[in-house]
Visitor: 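I'd like to ask some things about the structure below.
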Amino acid sequence: MRVLASAPAKIILFGEHSVVYGKPAIAAAIDLRTYVWAEFNNKGAIKIEAKDIKVPGLTVSFSEDEIYFESDYGKAAEVLSYVRQAIELVREEADKNGNGVTVSITSQIPVGAGLGSSAAVAVATIGAVSRLLGLELSNEEIAKLGHKVELLVQGASSGIDPTVSAIGGFLHYEKGKFEHLPFMELPIVVGYTGSSGSTKELVAMVRKTYEEMPEVIDPILVSMGKIVDKAREVLLSELDDEVRFVQLGRLMNINHGLLDALGVSTKKLSELVYAARTAGALGVKITGAGGGGCMYALAPGKQSEVATAITIAGGTPMITKISDEGLRIEEVLP
Ligand SMILES: Nc1ncnc2c1ncn2[C@@H]1O[C@H](COP(=O)(O)OP(=O)(O)O)[C@@H](O)[C@H]1O
Ligand SMILES: C[C@@](O)(CCOP(=O)(O)O)CC(=O)O
Ligand SMILES: [Mg+2]
């Protein structure tokens, strides 16, 4: 039997990092997906074919009749930790720890770009392997397992990424609970810096700053939560789109400034943010953990100008659509 599952990337519209401290956030699935095939193997082992992952550093030694490949196994093992944890959790859930499972992964989502590649790969792996092992899990149950994977690997996770990837659409999220927001076609442009930030490291850095000066950082997190409350009001209001876009744009710019204050922006991200604003975007902010990765711009009627400005500033623009679809079982072959 072989099962193919897929799960979408996401952008966090408002509230990244503060959502880790129990404040609300708003996020949406976008139409970039990770695909995972799962099947049994007869070795009782976990085998992972991650076709998009490049492990930095490779030492090759040649002798008379043999070639040795050495890479930084520590990095290789670490880079597959989300997938491995996902498989182990599902085998435990199904009480089938001894079953050999092989997964093969291909993905459209840039890694470490703030688009939730970790959550998408965890959710798609859980979806495919649970179906293979005969577990009938709801997308909400899969979201919870995806959250457990991120907690085990990152040490801290709000759960918003696996929830949006499993459920799809436009979600308001707070302390593990989500609410579907009415679907709204947002004219956005995502800009990728080309460098990746590690969510684990960035979340840890914010935590360290918070512990050193809670009286300074806490008001920033509270303000980020209030921005989400305002944004939710705007999204639920009956105002016409152009008024709502202007209000959302202002909230995005303020949210970006607060993320910059937390130290998660970079020179490149700021260059792309200001290039997009100068090209006419109503609002532009980091999306995801930061430290590289992506920003996104709200640019009604200006998407191509903003995309061009991002390119000129050295970024890679992606004009993506918000996607209603979360985890999908694509195929089950005998
Ligand atoms: N296609 C993939 N195959 C295997 N693992 C992946 C894949 N995409 C992402 N990952 C895992 O997720 C990690 C990146 O997650 P993270 O640092 O949270 O960044 P983001 O979620 O913003 O992309 C990678 O280091 C790797 O462990
Ligand atoms: C920084 C954070 O708020 C979002 C992380 O998003 P990503 O891994 O960069 O896609 C962490 C979390 O919510 O678990
Ligand atoms: Mg992540």
Side-chain angles (χ1 to χ4, degrees), residues 6-30 32-37 48-56 75-87 103-125 143 146-165 171 173-176 178 190 192-193 195-207 221 224-225 228 255 259 262-264 269 286-296:
S6 74
K10 60 85 199 152
I11 53 170
I12 296 185
L13 298 167
F14 299 95
E16 52 273 278
H17 285 292
S18 44
V19 68
V20 178
Y21 296 79
K23 313 303 181 211
I26 294 173
I30 57 171
L32 297 171
R33 298 184 79 88
T34 295
Y35 294 83
V36 177
W37 276 106
I48 301 170
E49 296 162 359
K51 304 208 189 273
D52 307 273
I53 292 293
K54 295 166 186 61
V55 179
K75 273 223 176 27
E78 196 183 305
V79 87
L80 296 178
S81 46
Y82 288 93
V83 180
R84 187 170 149 234
Q85 280 295 355
I87 297 170
V103 297
S104 175
I105 305 157
T106 52
S107 182
Q108 303 165 329
I109 309 171
V111 177
L115 298 178
S117 71
S118 57
V121 77
V123 163
T125 300
H147 187 187
K148 251 172 118 176
V149 169
E150 287 215 326
L151 282 168
L152 286 165
V153 176
Q154 290 170 196
S157 160
S158 69
I160 189 168
D161 283 10
T163 301
V164 177
S165 192
L171 301 183
Y173 183 90
E174 186 169 1
K175 292 184 192 131
F178 70 87
V190 175
Y192 180 35
T193 58
S195 64
S196 61
S198 156
T199 300
K200 181 174 176 179
E201 289 161 16
L202 286 145
V203 167
M205 183 272 288
V206 172
R207 167 75 61 190
L221 301 175
M224 287 171 153
V228 174
N255 196 169
L259 285 163
L262 289 183
V264 300
L269 270 169
I286 289 168
T287 181
C294 288
M295 41 60 84
Y296 86 99

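Atoms within a ligand are numbered from 1 in the order they appear, just like the ligands themselves.
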Visitor: Measure from the side-chain N and O atoms of Asp161 to the backbone N and O of Ala119, and report whether any donor-acceptor pair falls under 3.5 Å.
Guide: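 Side chain of Asp161 to backbone of Ala119, a donor-acceptor pair under 3.5 Å: no, none is there.
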Visitor: Against heavy atoms of Val20, which atoms of ligand 2 measure under 4.0 Å?
Guide: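 Close to Val20: 3 (O), 11 (C), 12 (C), 13 (O).
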Visitor: Quick one: nearest non-hydrogen protein atom to atom 13 (O) of ligand 2, plus distance?
Guide: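 Ranking protein heavy atoms by distance from atom 13 (O) of ligand 2, first comes Ser158 OG, 2.6 Å.
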Visitor: Under a plain distance cut-off of 3.5 Å, with no hydrogens placed, do Tyr82 and Gln154 share a side-chain donor-acceptor pair?
Guide: yes
Visitor: Measure the distances from the heavy atoms of Thr34 to every atom of ligand 1 and state whether one is below 4.0 angstrom.
Guide: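 Thr34 does not count as a contact of ligand 1 under the 4.0 Å cut-off.
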Visitor: Which protein non-hydrogen atom lies closest to atom 17 (O) of ligand 1, naming both residue and atom, and how far is it?
Guide: Thr199 N, 3.3 Å
Visitor: What do you reckon, does Gly112 put a non-hydrogen atom under 4.0 Å from ligand 1?
Guide: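 Contact check Gly112 vs ligand 1: positive.
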Visitor: Looking at Ile160, which atoms of ligand 2 are within less than 4.0 Å of one of its heavy atoms?
Guide: 13 (O)
Visitor: Number the atoms of ligand 2 from 1 as they appear, then name those within less than 4.0 Å of a heavy atom of Ser157, with their elements.
Guide: 14 (O)
Visitor: What do you reckon, does Gln154 put a non-hydrogen atom under 4.0 Å from ligand 1?
Guide: yes
Visitor: Short list, please: which atoms of ligand 2 are under 4.0 Å from a heavy atom of Asp161?
Guide: 5 (C), 6 (O), 7 (P), 8 (O), 10 (O)
Visitor: Hey, does Gly116 sit under 4.0 Å from ligand 1 if you only count heavy atoms?
Guide: yes
Visitor: Under 4.0 Å from ligand 1, counting heavy atoms only, is it the side chain of Ala113, its backbone, both or neither?
Guide: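 It is the backbone that gets close, since no side chain atom is under 4.0 Å.
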Visitor: Give the atoms of ligand 2, by number and element, whose distance to some non-hydrogen atom of Val19 is under 4.0 Å.
Guide: 3 (O), 13 (O)
Visitor: Below 4.0 angstrom from a heavy atom of Thr199, which ligand 2 atoms are there? Numbered from 1 as shown, please.
Guide: 5 (C), 7 (P), 8 (O), 9 (O)
Visitor: Does ligand 1 have any atom sitting under 4.0 Å from a heavy atom of Gly288?
Guide: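 No heavy atom of Gly288 comes that close to ligand 1.
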Visitor: Look only at interatomic distance and state if Gly288 has a nitrogen or oxygen under 3.5 Å from any nitrogen or oxygen of ligand 2.
Guide: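 N/O-N/O distance below 3.5 Å does not exist for this pair.
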Visitor: May I ask you to check whether Ser118 brings an N, O or S atom to under 2.8 Å from the Mg ion (ligand 3)?
Guide: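 An N, O or S atom of Ser118 is closer than 2.8 Å to the Mg ion (ligand 3), so yes.
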Visitor: Is there a nitrogen or oxygen of Gly116 sitting under 3.5 Å from a nitrogen or oxygen of ligand 2?
Guide: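 Min N/O separation from ligand 2 is below 3.5 Å for Gly116.
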